[in-house]
Amino acid sequence: MAGSGSRPPPLAATGKVEAAPAQPTLRILADGRAGHEAQTLGVAEALGLTPDIRRIAPRWLYELVAPFGPPDPLDAQAYAPPYPDIAIAAGRRTIPALRRLKRCSGGRTFTVYLNAPASGLKTADLIVAPRHDRLTGPNVVAPITPPNRITPERLAAARAAPDPRIAGLPRPRVAMLVGSAEGLLYDLDFIASTLLDAGYGVMATASRRTPPEIAAALRQALSAPGGWFWDGEGANPYFSMLANADRIVVTGDSVNMVGEAAATGVPVHVLEPFVIRRKIKAYLAALEGAGAIRIWRGPFEDWTYKPINSTPMIARRIEKDYAAFLAKQRSCGAAHNR
């Protein structure tokens, strides 16, 4: 189901696809959202393929009717030739372009959509919908966590050469990963100050969804010795933060951040919103049941677990389904030529 795993070999090296291209071409349809892009890039890296990234920015009317309407003609480069062997997309705004790409390619492009689409099972040849979305079907794979770019190799490299802005923080270190942070029972700046007073080194990063006032309060709290807040300046230290944390505190509203934290193997304390959506609650319950996270209620706890990362499993499923897709194409081609 899940595990840290090492990166699977490229499709061409698996021996599963007869007469496949030496290196299948891969296109990513990106909508500009960091979480979606991290998922698609994580899958591409796990497949060992270098993607051709085509970014879309549909105008408001096309965005409004997505995923059911047509793609924006100004995004035509997303579904233009030369057509790729495989296309991966995430985010509802990418669905019209992904479906148009499938049609324009004459069905020859194998399409993959990450997350549960409102447009149903015919959205793509393969749909990767996390288990808490409760989507089922013959072309659905339901991992416990979304795909990500965390690998044992990437973590090891970041530990061997930590970001200089992190390397000087005292240990033990706590990484605080902040999503929308709305509706929390605890003030993040108070948590950060308390940890600093207890002698922890504290590093934090916010997302684009974090309210400015929460980010500002956290930045102020971490201006004290032993603290550091990434304000978007300089290189993104995210991997280095994950790799060099002795424990992680993450807001429970961010499915991606919680999943990425669970891929590290260090204790992950989740700050659960006061009002929580059913799907998020099911997601957190599954990870807590797997031993990766614990809902934080004040004091820290210590435990160990095997890192949970669904990305290698997702890549293997794509390989398997792509092989079947190619075999069906060859069979149909042979029948047509007889």
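All heavy atoms count here, side chains included; hydrogens, waters and symmetry mates do not. Worth saying up front: this structure is predicted, and the values here are computed from it rather than measured.
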Exercise. Is S119 close to R99 at the side-chain level, that is, under 4.5 Å between some pair of heavy atoms?
Worked result: yes
Problem set entry | S240 side chain vs P237 backbone, donor-acceptor pair below 3.5 Å | no
Exercise. Is any side-chain heavy atom of D52 closer than 4.5 Å to a side-chain heavy atom of I28?
Worked result: no
Exercise. Side chains of N256 and S254: donor-acceptor distance under 3.5 Å anywhere?
Worked result: no
Exercise. Only one of E288, E301, H269 forms a side-chain hydrogen bond (donor to acceptor under 3.5 Å, both in side chains) with R294, so which one is it?
Worked result: E301
Exercise. Taking the six-membered ring of F300 as reference, does the NZ or CZ atom of R247 fall below 6.0 Å from its centre and within a 45° cone about the axis?
Worked result: yes
Exercise. Would R59 and D72 pass as an ion pair if we require N to O under 4.0 Å?
Worked result: yes
Exercise. If only atom types and distance count, is the side chain of Y283 paired as donor or acceptor with the main-chain N or O of V255 below 3.5 Å?
Worked result: yes
Exercise. How many angstroms lie between atom CZ of F110 and atom CZ of F325, to the nearest 0.5 angstrom?
Worked result: 7.0 Å
For this session: Measure from the side-chain N and O atoms of T205 to the backbone N and O of L177, and report whether any donor-acceptor pair falls under 3.5 Å.
Result: no
For this session: Mind checking the CG-CE spacing from L222 to M176? Nearest 0.5 Å is all I need.
Result: 7.0 Å
Exercise. Do the charged groups of R149 and E260 touch, with an N to O distance under 4.0 Å?
Worked result: no
Exercise. Does atom CZ of R134 have more than 12 heavy-atom neighbours from other groups under 6.0 Å away?
Worked result: no
For this session: Taking atom CZ of R209 as the centre, report whether more than 12 heavy atoms of other residues, nucleotides or ligands fall under 6.0 Å from it.
Result: yes
For this session: Look up atom CG in L29 and atom CD1 in I53, then write down how far apart they are to the nearest 0.5 Å.
Result: 10.5 Å
For this session: Using a 4.5 Å cut-off on heavy atoms from C-beta on, say whether the side chain of P147 contacts that of L114.
Result: yes
Seminar exercise, completed: Contacts of Y200 meeting side chain to side chain donor-acceptor pair (under 3.5 Å) (sequence neighbours excluded), chain-then-number -> none
Exercise. Which is it for D125 and T111 under the side-chain hydrogen bond (donor to acceptor under 3.5 Å, both in side chains) test, yes or no, and what are the steps along the way?
Worked result: CA-CA 5 Å; D125 294 304; T111 56; 3.2 Å; yes
Exercise. Is K279 close to D133 at the side-chain level, that is, under 4.5 Å between some pair of heavy atoms?
Worked result: yes
For this session: Indicate yes or no: at least one non-hydrogen side-chain atom of L101 is less than 4.5 angstrom from one of P84.
Result: yes
For this session: Could you list the residues that satisfy salt bridge (charged side-chain N to carboxylate O under 4.0 Å, His left out) with D321, not counting sequence neighbours?
Result: R317
Exercise. Which distance, rounded to the nearest 0.5 Å, do you find between the CD1 of I276 and the CG of L284?
Worked result: 5.0 Å
Exercise. Any side-chain heavy atom of V141 within less than 4.5 Å of one from M313?
Worked result: yes
